2 protein chains.
Amino acid sequence: MEKAGQRYSRQREEILKIVRATKTHPTADWVYEQSRHKIPSISLGTVYRNLNLLADEGIIRRLVFEDGKVRFDGNVDEHHHFVSTKTGKIYDIDKKYSQELIDKLYQDTGFKATVCKIEFFGEVDSEEA
Amino acid sequence: MEKAGQRYSRQREEILKIVRATKTHPTADWVYEQSRHKIPSISLGTVYRNLNLLADEGIIRRLVFEDGKVRFDGNVDEHHHFVSTKTGKIYDIDKKYSQELIDKLYQDTGFKATVCKIEFFGEVDSEEA
DNA sequence: CTAAATGCAAACTCTTTGCGGTGAC
DNA sequence: GTCACCGCAAAGAGTTTGCATTTAG
């Protein structure tokens with residue numbers, strides 16, 4: 001899991017722990033604020049560097065939603081998202097919808113996709129206002 | 001189509017014409033460069049203002065892809081996208097895949113989506129390197 | 001004449017980067 | 001001791017905004 005030439009750092013460990021512990025699909029800034037609880041001296045640059053490094057290695061996922069902000073996700077299994085139009089909260093949706101869709105697209109159009117990303121938008125009944 | 005209190009402007013007309021005339025899902029900067037051919041004095045701020053205004057009115061669409069850049073689309077009919085992993089080119093895909101997916105999600109999970117956005121990623125055989 | 005829209009430039013937000021110092025190994 | 005990583009602060013990219021001026025109606 002550790003790449004050659006890479007060293008342990010408390011900062012990276014903490015950042016990874018934070019991203020894995022939440023389902024909120026956080027931005028770099030949110031991770032920065034959280035990490036400061038444990039490591040007050042940590043810098044925003046370090047958070048960005050490590051999030052990108054972890055994402056490049058496939059240890060976490062990098063996502064972009066309609067607001068244009070980059071978000072990170074500790075869940076690297078392929079899956080989709082449901083965005084609440086009321087609160088902006090993002091829920092994980094099972095990956096099972098992909099394959100049939102990809103097959104159908106290929107039959108219809110000849111476009112051969114290897115992956116697909118689905119985002120649903122709607123209201124979630126169980127949410128508070 | 002014109003909203004109350006809104007006035008005609010050559011700049012807005014030109015910007016709309018450019019976005020409608022292309023299938024390249026352009027960024028604001030690209031639209032700016034194009035518009036300068038016809039209106040050399042146009043400013044980037046004006047391009048941004050008008051693209052956002054047109055998008056807010058639903059006359060064009062505002063899109064965000066994985067590169068995090070905002071793009072605009074003259075095709076406002078609901079549709080999906082296929083992104084070439086080789087060239088980054090973005091192709092339009094028919095909307096017909098949505099409804100079945102939304103229905104199935106509701107049956108499976110109770111999440112009631114009103115729209116969904118599908119992005120396919122893959123190689124396109126017909127493309128040049 | 002009124003106020004919408006423009007051009008310009010400054011400001012803002014998010015992200016990356018250069019550098020000197022620190023710490024893992 | 002080496003060099004990966006850090007904290008800091010400056011720089012960059014993309015986008016928005018305040019203001020004086022122009023222009024549609």
Side-chain angles (χ1 to χ4, degrees), chain A residues 1-19 24-57 59-73 88 90, chain B residues 1-19 24-57 59-73 88 90:
Chain A
M1 163 166 163
E2 290 280 313
K3 213 170 157 187
Q6 197 165 299
R7 287 175 191 174
Y8 168 88
S9 89
R10 190 156 88 88
Q11 288 83 345
R12 180 152 56 240
E13 179 172 276
E14 180 62 21
I15 287 164
L16 179 54
K17 207 166 89 184
I18 289 169
V19 174
T24 62
H25 308 80
T27 61
D29 202 67
W30 188 90
V31 175
Y32 172 59
E33 290 304 334
Q34 293 300 308
S35 65
R36 291 217 289 171
H37 299 158
K38 276 266 183 68
I39 310 176
S41 64
I42 199 170
S43 77
L44 184 55
T46 293
V47 173
Y48 272 104
R49 262 190 293 243
N50 279 301
L51 288 171
N52 285 332
L53 186 152
L54 291 166
D56 288 347
E57 287 180 355
I59 296 172
I60 64 177
R61 264 227 279 176
R62 193 177 207 275
L63 303 169
V64 182
F65 292 97
E66 284 305 291
D67 63 3
K69 281 187 191 164
V70 176
R71 291 162 187 282
F72 296 89
D73 192 342
I90 299 161
Chain B
M1 162 166 162
E2 290 279 312
K3 213 172 158 186
Q6 195 165 300
R7 286 177 192 175
Y8 168 87
S9 91
R10 192 156 87 88
Q11 288 85 343
R12 180 151 58 240
E13 179 172 275
E14 180 62 22
I15 288 165
L16 178 55
K17 205 165 91 185
I18 289 169
V19 174
T24 61
H25 307 80
T27 61
D29 202 67
W30 188 90
V31 175
Y32 171 59
E33 289 305 334
Q34 293 301 307
S35 66
R36 292 217 288 171
H37 299 157
K38 277 266 184 69
I39 310 177
S41 64
I42 199 169
S43 77
L44 185 54
T46 293
V47 173
Y48 272 105
R49 262 189 294 240
N50 279 301
L51 287 172
N52 286 332
L53 187 151
L54 291 166
D56 288 346
E57 286 181 358
I59 296 170
I60 64 177
R61 266 229 277 176
R62 192 179 209 273
L63 303 170
V64 182
F65 292 97
E66 285 305 291
D67 63 2
K69 280 187 193 164
V70 176
R71 291 162 187 283
F72 295 89
D73 192 341
I90 298 161

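Sequence lines set the chain letters: A, B, ... in the order given, protein chains first and strands last, and positions in each chain run from 1. Every value quoted in this text rests on a predicted model; they were computed, and no experiment measured them. Every heavy atom of this structure was used, including side-chain atoms; hydrogens, water molecules and symmetry mates were not.
Each of Gly45(B) and Ser9(B) lies near DNA chain C, and the nucleotide nearest Ser9(B) is the one positioned closer to the 5' end. The residue among Leu53(A) and Leu44(B) whose nearest nucleotide of DNA chain D is located toward the 5' end is Leu53(A).
If you measure from atom NZ of Lys69(A) to atom C1' of dT15(D), you get 13 Å, rounded to the nearest angstrom. Distance, Asp67(B) CG to dT15(D) P: 10 Å, rounded to whole Å. In this structure, CZ of Arg71(A) is placed 10 Å from P of dT15(C), rounded to the nearest angstrom. In this structure, the CD atom of Glu13(B) is 13 Å from the C1' atom of dA24(D), given to the nearest Å. Between the C1' atom of dT6(C) and the CD1 atom of Ile15(B) lies a distance of 11 Å, rounded to the nearest Å. To the nearest angstrom, P of dC25(C) lies 11 Å from CD of Gln6(A). Atom-to-atom, CG of Leu51(B) to P of dT17(D) comes out at 15 Å; the value is rounded to the nearest Å. What separates CG of Asn52(A) from C1' of dT16(C) is a distance of 9 Å, to the nearest Å.
Contact between the side-chain N/O atoms of Arg49(A) and the OP1/OP2 oxygens of dC5(D) is not found at any separation under 4.0 Å. For dG7(C), one of the phosphate oxygens OP1 or OP2 lies less than 4.0 angstrom from a side-chain nitrogen or oxygen of Thr46(B). Put simply, Gln11(A) has a side-chain N or O that comes within less than 4.0 Å of OP1 or OP2 on dG7(D).
We find that Glu13(B) and Arg10(B) are not joined by a salt bridge, their nearest charged nitrogen and carboxylate oxygen being 4.0 Å or further apart.
Here the side chain of Arg7(A) is nearest to one of dT15(C), dC3(D), dC5(D), namely dC3(D). The side chain of Val70(B) lies closest to dT15(D), out of dC25(C), dT15(D), dA3(C).
Residue Arg10(B) places no side-chain atom within donor-acceptor reach of the base of dG7(C), judged by atom type and a 3.5 Å distance cut-off alone.
Partners of Tyr48(A) by ring-ring contact (aromatic ring centres under 6.0 Å, His included), not counting sequence neighbours: none found. Legend: residues meeting side chain to side chain donor-acceptor pair (under 3.5 Å) with Arg49(B), ordered by chain and number and at least two apart, are absent.
Between Val64(B) and Phe65(A), the shortest heavy-atom contact is CG1-O, 3.7 Å.
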